[in-house]
Protein chains: 2
Amino acid sequence: MIICEGEPATSIFNVTQGVVKLVRSSSDGRTQIVGFRVPGEFFATPAFERHTVTAVAVTDVQLCRFSRSRLAGLLREYPDLLARLFEMSSAQLLASEDQVFLLGRRTAREKVVTFLLDFSSRTLLGRPEPQRLVHLPMARVDIADFLGLTIETVSRVLSSLVREGLITVGISRSVRFVDLPALMSIAGGPEPVIR
Amino acid sequence: MIICEGEPATSIFNVTQGVVKLVRSSSDGRTQIVGFRVPGEFFATPAFERHTVTAVAVTDVQLCRFSRSRLAGLLREYPDLLARLFEMSSAQLLASEDQVFLLGRRTAREKVVTFLLDFSSRTLLGRPEPQRLVHLPMARVDIADFLGLTIETVSRVLSSLVREGLITVGISRSVRFVDLPALMSIAGGPEPVIR
DNA sequence: CGCTGGTTTGAACTAATTCAAACGACGTGG
DNA sequence: CCACGTCGTTTGAATTAGTTCAAACCAGCG
């Protein structure tokens with residue numbers, strides 16, 4: 001666990017290696033992952049006094065920490081940095097709204113396929129077209145917690161995708177996209193805005 | 001309709017009267033409301049070239065529009081304004097993550113009660129304690145679209161809350177909270193962070 | 001070799017949806 | 001002023017997507 005929901009926010013983090021999950025949880029034990037962070041991405045916005053999420057390492061991670069005071073100094077020194085922070089926060093808002101649509105209006109199958117494609121395109125740094133192969137570093141329980149499903153449902157959907165020949169699952173949580181067009185048509189999603 | 005998803009973003013808006021809904025929709029007709037905006041709140045972030053949501057007036061509205069060019073000028077003139085924008089965007093991100101938890105991990109009943117209490121506390125400008133009476137300007141279909149439910153489910157939940165004596169519904173979409181403690185315990189939600 | 005933690009599969013169940021119909025408020029026109 | 005149509009809302013019955021509970025499976029590891 002890197003940071004914990006509710007504790008005083010003293011730093012922001014940049015992931016350089018590995019994957020981090022951001023979790024919201026309620027007192028009765030239900031948890032919802034509000035996002036994953038892969039290398040190159042930030043978490044723990046400095047806009048609030050306390051952390052709004054719990055951050056947990058999904059794999060071994062390497063992080064770059066900026067203390068709040070250091071950040072304040074940098075902001076004075078480089079005024080453009082604030083614009084960059086604003087941009088990042090806006091991009092995260094956009095991603096969060098995508099997730100809202102996903103959770104509110106899409107079926108289990110659509111959720112899983114969308115997750116596979118999204119995560120795939122996010123982890124191949126720079127390369128534009130969707131990869132045919134993606135490695136999922138997180139357990140089923142994390143995928144389920146991200147998609148608002150149970151692990152059994154995630155597992156069943158993956159099995160059915162394999163049965164229908166759309167994907168194959170290899171060892172160590174790797175997934176190969178066999179019928180990419182079909183997968184993309186299942187993912188569909190909100191009207192694609194040029195982003 | 002005030003702005004439309006995907007069209008070039010030329011302005012940002014501040015609501016001064018009435019209520020606006022922000023909608024994401026997919027090509028197959030499913031829609032998800034990602035937020036409501038009440039007087040005092042902004043929408044249509046200037047961070048992207050194109051609008052990421054469709055904004056529709058729920059009631060008669062009065063808006064204050066800032067063109068992008070005007071905003072750019074203001075940003076040059078008042079550097080602190082950017083910090084304010086960043087804050088607003090962060091607050092919206094927080095709200096969006098709340099909604100993610102709501103959609104992903106809570107039951108229909110919890111969703112509806114949470115919505116009632118949240119909307120109530122948001123519309124009473126300034127007054128801190130939750131009001132006993134709230135006016136819902138939007139139709140059932142909008143509540144359903146916000147909570148990822150159907151109108152029938154929303155209606156059924158409200159009926160059951162009335163039957164159990166937790167609320168009463170008056171004319172013209174007004175709702176009175178009869179047993180506020182019980183409602184708040186149903187709403188519960190993620191661990192309350194001091195915000 | 002046997003244990004452990006994650007994953008898959010099966011069967012029963014349930015929360016929420018779907019389909020259908022009745023209901024009620026409201027505005028319009030006779 | 002009242003009948004009528006419209007649109008939003010409520011209620012009911014049947015259906016289903018996803019969950020729950022349970023057991024089997026499997027890979028990695030001491």
Side-chain angles (χ1 to χ4, degrees), chain A residues 19 21 28-33 56-60 102-116 134-164 166-175 186, chain B residues 19 21 28-33 56-60 102-116 134-164 166-175 186:
Chain A
V19 177
K21 61 178 176 181
D28 64 356
R30 284 178 282 186
T31 64
Q32 170 70 42
I33 293 178
V56 181
V58 168
T59 62
D60 287 350
L102 188 73
L103 292 174
R105 287 298 175 218
R106 321 209 68 206
T107 64
R109 156 174 280 240
E110 291 169 339
K111 285 177 180 179
V112 170
V113 172
T114 302
F115 171 74
L116 290 177
V134 61
H135 172 71
L136 302 177
M138 71 289 289
R140 292 281 177 277
V141 65
D142 290 327
I143 300 177
D145 267 1
F146 180 71
L147 298 177
L149 300 171
T150 59
I151 53 175
E152 294 94 331
T153 300
V154 172
S155 186
R156 270 185 253 275
V157 169
L158 287 174
S159 299
S160 81
L161 291 174
V162 169
R163 219 176 303 120
E164 296 163 34
L166 301 184
I167 63 171
T168 58
V169 298
I171 48 163
S172 81
R173 295 169 173 171
S174 72
V175 173
I186 291 173
Chain B
V19 177
K21 61 178 175 180
D28 64 357
R30 283 178 282 186
T31 63
Q32 171 71 41
I33 293 178
V56 182
V58 168
T59 62
D60 288 349
L102 189 73
L103 292 174
R105 288 296 175 219
R106 320 209 68 204
T107 64
R109 155 175 281 242
E110 291 169 339
K111 286 177 180 180
V112 170
V113 172
T114 302
F115 171 74
L116 290 177
V134 61
H135 172 71
L136 302 176
M138 71 288 289
R140 293 281 177 277
V141 66
D142 291 327
I143 300 177
D145 267 1
F146 180 71
L147 299 176
L149 300 171
T150 59
I151 53 174
E152 293 95 328
T153 301
V154 172
S155 186
R156 270 184 254 275
V157 169
L158 287 173
S159 299
S160 81
L161 292 173
V162 170
R163 221 176 302 120
E164 296 163 33
L166 301 184
I167 63 171
T168 58
V169 297
I171 48 162
S172 81
R173 295 169 174 171
S174 72
V175 174
I186 292 173

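These numbers were taken from a predicted model, which means no experiment stands behind them. Proteins come first, then strands; the chains are lettered A, B, ... in the order of their sequence lines, and each starts at number 1.
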Between [options], which one does the side chain of [X] approach most closely?
| X | options | result |
| --- | --- | --- |
| B:Thr150 | C:dG6, C:dT18, D:dT20 | C:dT18 |
| A:Thr153 | C:dT17, C:dT9, D:dG18 | D:dG18 |
| B:Thr107 | D:dT20, C:dA16, D:dT9 | C:dA16 |
| A:Ala108 | C:dT7, D:dG18, C:dA16 | D:dG18 |

Answer whether the closest heavy-atom distance between the side chains of B:Leu158 and B:Arg140 falls below 4.5 Å.
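A side-chain contact under 4.5 Å exists here.
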
Within-4.5 Å side-chain heavy-atom neighbours: A:Asp145 and B:Arg105
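Touching, per the 4.5 Å side-chain cut-off.
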
Within this structure, what is the [atom1]-to-[atom2] distance between [X] and [N], rounded to whole angstrom?
| X | N | atom1 | atom2 | value |
| --- | --- | --- | --- | --- |
| B:Ile151 | C:dA20 | CD1 | P | 15 Å |
| B:Ile143 | D:dT9 | CD1 | C1' | 11 Å |
| B:Glu152 | C:dA21 | CD | P | 14 Å |
| A:Arg109 | D:dT16 | CZ | C1' | 16 Å |
| B:Arg30 | C:dT18 | CZ | P | 10 Å |
| B:Leu136 | D:dT9 | CG | P | 10 Å |
| A:Leu149 | C:dA15 | CG | P | 17 Å |
| A:Asp145 | C:dT7 | CG | P | 12 Å |

Check against side chain to side chain contact (heavy atoms under 4.5 Å, CB included), B:Arg106 and A:Arg30:
CA-CA 9 Å; B:Arg106 320 209 68 204; A:Arg30 284 178 282 186; 4.0 Å; yes

Between B:Arg109 and B:Leu161, does a side chain to side chain contact (heavy atoms under 4.5 Å, CB included) hold up when you go through it step by step?
CA-CA 9 Å; B:Arg109 155 175 281 242; B:Leu161 292 173; 3.9 Å; yes

Relative to the 5' end of DNA chain C, which residue comes earlier, A:Val141 or B:Val154, by the nucleotide with the nearest heavy atom?
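The answer here is A:Val141.
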
Under 4.0 Å between any heavy atoms, over every strand shown, what does B:Ser155 touch: base, sugar-phosphate, or nothing? Just pick one.
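Counting heavy atoms under 4.0 Å across all strands, the contact made by B:Ser155 includes a base.
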
Check A:Leu149 against A:Lys111 and note the closest heavy-atom contact, atom names and distance.
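Scanning both residues completely, I find the closest heavy atoms to be CD2-NZ, 4.0 Å.
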
Does the C:dG10 base have a donor-acceptor partner in the side chain of A:Arg156 within less than 3.5 Å?
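Flag set: donor-acceptor pair detected.
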
